[in-house]
Amino acid sequence: MKPPHTEALNPPERLLMGPGPSQVHPRVLRAMSTPLVGHLDPVFIALMNEVQDLLRYAMRTENRWTIPVSGTGSAAMEAAFANVVEPGDTVLVPTNGYFGSRMESMARRAGGTVVHVDAPWGRPLDPDDVRAALAEHRPAVFGFVHAETSTGVLQPGVAELTAMAHEHGSIVILDAVTSLGGVELRVDEWNVDVVYSGAQKCLSCPPGASPLTLTDAVFERIRARTEPARSWYLDVGLLEGYWGSERSYHHTAPITNVYALREALRLVAEEGIEERWARHRAVAGGLKAGVQAMGLEMLADDAWWLPSLNAVTVPEGADAKRVTRRLLVEHGIEIAGGLGDLAGRIFRIGCMGYACQPWNVLRLIAALGEALRLEGADVDVAAGLAAAEETLSPDS
Ligand SMILES: Cc1ncc(COP(=O)(O)O)c(C=O)c1O
């Protein structure tokens, strides 16, 4: 038998403007091709400290316990729920998007009893509903999503919701997978107890090492658990041995992913976190102006628009799957369709990190416009391009 697949790996160049992964900066790719050192090598241990410092900078926190979890965003999410939720705890989660349901599954597996605060997909949580749900259920844990990738909704008032939860004695877990590094996020100022994120969204890094931060008070609570966390791999008490002062073996860190994250975070620090938030707003603002002028609608209201993920409604007569496929095959651009009930009804267009640049927005609008015109949809591509250009112009 001939040995299989001896041909070289040759993935195509794509412009990644979907819900993630996003375009990776060439400097990050270069960092990934540097020599491997051991996960307990003094050089790597120094680098671990640097990554922790850089993460604290990007997350706006002084939390000692700030680490990249080995694995994708869901690993960091599971680390949060598996450690904080104890069997029998009541956990309040939202119903307004796909990732609230994932929180629910994880909270259940951790032994929690799940209750909901409801809002329709495409809308944020209403503070009055949160207050009522907290008063009714008195949850030990309240989890919610800062930037809902399934709907393009940015949850306003994180600090306000967190303060409400604290009044009821609840610990807050915030999903910042699609906000970290692209949208204003202030962990300490907003007083959030636990925040997790991913590398492959606004940090423009390949997935594989995912930020997690938690306060000393939460860490102590985890240490005082009567039953150990149900995950050995993600047990914060055990991970402390590796990421804390001991630096002893727990598992072999994904070294190359940690290199990549360091470089991605260095890019964030060089740009400045606030400047980066401003860039996302400005460039995604051009995208929003462009699609609207073309004749399309945003799913989310302006008051809770999420610059890093733009949910755009599919116009009459167009087939969303055919359009996204055409964009990929003919234009080399990745965008995505909707999830769940929103499948076929929205396009999800990311404007994240390295891809979040005016020239990419113009390329996307031109390609999307052409693909929609070929579907027979009533779109004005020239008006879309003109509006985007005008919004993105340095003088506007
Ligand atoms: C809001 C949100 N939470 C969690 C996740 C899970 O992250 P991952 O797919 O990296 O495991 C995602 C991924 O898209 C996300 O968008």
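We count residues from 1, following the sequence as given. Values below: every heavy atom of this structure, side chains too, minus hydrogens, waters and symmetry copies. Every value quoted in this text rests on a predicted model; they were computed, and no experiment measured them. Atoms within a ligand are numbered from 1 in the order they appear, just like the ligands themselves.
Each of the following atoms of ligand 1 lies closer than 4.0 Å to a heavy atom of Ser74: 6 (C), 7 (O), 8 (P), 11 (O). Near Thr178, meaning under 4.0 Å from one of its heavy atoms, ligand 1 places the atoms 16 (O). The Ala147 neighbourhood of ligand 1 comprises atoms 1 (C), with distances under 4.0 Å to a heavy atom of that residue.
Contacts between Arg102 and ligand 1 below 4.0 angstrom, taking non-hydrogen atoms only, involve the side chain exclusively. Proximity of Pro19 to ligand 1, defined as any heavy-atom pair under 4.0 Å, is not found for any part of the residue.
Arg14 places no side-chain N or O within donor-acceptor distance of the main-chain N or O of Ile333, the cut-off being under 3.5 Å. When atom types are taken as modelled, the side chain of Asp89 and the backbone of Ala140 share no donor-acceptor pair closer than 3.5 angstrom. Panel note: side chain Thr391, backbone Gly286; no donor-acceptor pair is recorded below 3.5 Å.
At the shortest separation from atom 5 (C) of ligand 1 among protein heavy atoms lies Phe99 CE2, 3.4 Å. Here the heavy atom of the protein found nearest to atom 13 (C) of ligand 1 is Lys201 NZ, 3.4 Å. Looking only at protein heavy atoms, the nearest one to atom 10 (O) of ligand 1 is Gln200 NE2, 2.6 Å. Summary of contacts: the protein heavy atom closest to atom 3 (N) of ligand 1 is Asp175 OD2, 2.7 Å.
Among the atoms of Val145, none of the N or O lies under 3.5 angstrom from an N or O of ligand 1. Checked against a 3.5 angstrom limit, the closest N/O atoms of Thr149 and ligand 1 fall inside it.
Checking Asn63 against Thr215 by side-chain atom types alone, no donor-acceptor pair falls below 3.5 Å. There is a side-chain donor-acceptor pair under 3.5 Å between His166 and Asp193. Using modelled atom types, one finds a donor on one side chain and an acceptor on the other under 3.5 Å when comparing Ser179 with His146.
The aromatic rings of Tyr98 and Trp121 sit perpendicular, their planes meeting at an angle over 60°, well past the 30° parallel limit.
For residues 259-275, the set of pairs meeting the salt bridge (charged side-chain N to carboxylate O under 4.0 Å, His left out) definition, not counting sequence neighbours, comprises Arg27-Glu263, Arg27-Glu270, Glu50-Arg262, Arg186-Glu274, Glu263-Arg266, Arg266-Glu270, Glu271-Arg276, Glu271-Arg279.
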